[in-house]
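These numbers come from a predicted model, not from an experiment. Numbering of residues begins at 1 and proceeds along the displayed sequence. Order of listing sets the numbers, starting from 1, for every ligand and every atom in it.
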Amino acid sequence: MSEIVYLNGEFMPLDQARIPVLDRGFIFGDGVYEVIPVYSRHPFRLPEHLARLQRSLDAIRLANPMTEAEWARLIHDLIARHAGNDQSIYLQVTRGVAKRDHAFPREAQPTVFMMSSPLVTPAQDLVENGVPCISAIDYRWLKCDVKSVSLLGNCLLRQSAADVGATEVVLFRDGQLTEASASNVFVINNGRLLSPPKNHLILPGITYDVVLELAAACAIPIELRGIPEAEARSADEMWVTSSTKEVLAVVTLDGRPVGSGRPGPVFKVLHRAFQEFKRKVMRAAA
Ligand code: PDD
């Protein structure tokens with residue numbers, strides 16, 4: 001049996017979901033998306049994900065086809081139609097179907113698609129032993145804060161990591177750390193947690209915010225500022241964070257050990273805090 005997805009007002013089996021070939025999402029990558037983790041059937045940080053969706057829609061000048069309450073109701077409905085307690089909700093809004101023309105159509109109905117997959121968080125082995133990463137020049141566009149479905153740059157970069165068995169590719173633009181192909185990046189130097197500030201060069205990760213909140217609660221000093229490549233490469237610890245990876249320690253970068261080459265002590269504190277925080281939030285929502 002095919003799983004149930006949502007498309008333009010209806011729930012239907014995935015194998016029956018169809019969009020016209022002139023959809024601007026297909027033709028131009030003209031759309032935005034969100035990935036929302038669901039723990040114990042509760043969407044994690046839903047208001048924050050919906051606020052980011054609104055900012056992405058504003059940035060591409062596309063009216064939000066639904067209110068926040070309508071999004072929340074549909075997301076809960078989709079979750080209820082799937083068996084797993086932990087899910088990953090993917091939603092996408094495109095500018096809809098129109099004759100091919102780069103300029104926006106005068107009238108088009110946005111296409112709204114949503115699906116749920118089992119949430120696969122990192123295996124214990126990866127949490128305990130960390131992951132290898134490579135680095136590359138960040139050659140993506142200058143609106144990386146928009147969660148756009150135009151992900152060709154990210155896909156090419158991510159594949160360069162996959163080609164060599166690396167988990168992620170850590171990106172540097174003009175000699176400064178930005179993020180990774182599908183995650184944010186943190187480093188630890190002399191006990192301080194460093195990450196680039198939110199601007200047009202990185203996606204404002206929901207997990208990034210959670211990590212900063214937890215670090216503050218654990219009294220870990222935080223500095224959000226430009227991080228020169230040399231400083232990132234000589235860091236004591238490096239982490240990647242995202243809704244699906246949560247927090248993972250990077251133990252090698254381009255084959256060279258990061259710090260001790262093992263997940264560091266600050267990572268262990270933060271990872272434990274993250275797991276505890278998840279449990280607490282879910283207990284409160286239950
Ligand atoms: N990616 N930076 C980029 C480029 C990303 O694609 C993502 C998430 C993040 C982390 O954001 P968050 O913490 O909100 O997941 C940072 C998602 C998971 C994806 O594209 O599948």
task = Look at the aromatic rings of Y208 and F186 and report parallel, tilted or perpendicular, splitting at 30° and 60°.
result = tilted
query = Mind checking what makes salt bridge (Lys or Arg N to Asp or Glu O under 4.0 Å) contact with D236, not counting sequence neighbours?
reply = none
Within the 4.0 Å heavy-atom sphere of ligand 1, strictly under, residues = Y33, V35, R52, R140, K147, N154, E179, A180, S181, A182, S183, N184, L203, G205, I206, T207, T241, S242, S243
task = Quick one: which residue pairs count as a side-chain hydrogen bond (donor to acceptor under 3.5 Å, both in side chains) with a foot in residues 37-46, not counting sequence neighbours?
result = Y39-E246, R41-N85, R45-E213
task = Salt-bridge test for D77 and R73: reply yes if a basic N is under 4.0 Å from a carboxylate O, no otherwise.
result = no
message = Could you check whether E276 pairs with R272 (Lys NZ or Arg NE/NH1/NH2 to Asp/Glu carboxylate O, under 4.0 Å)?
response = no
ask   = Considering residues at least two apart in sequence or located in another chain, which fulfil the salt bridge (Lys or Arg N to Asp or Glu O under 4.0 Å) criterion with K198?
value = D209
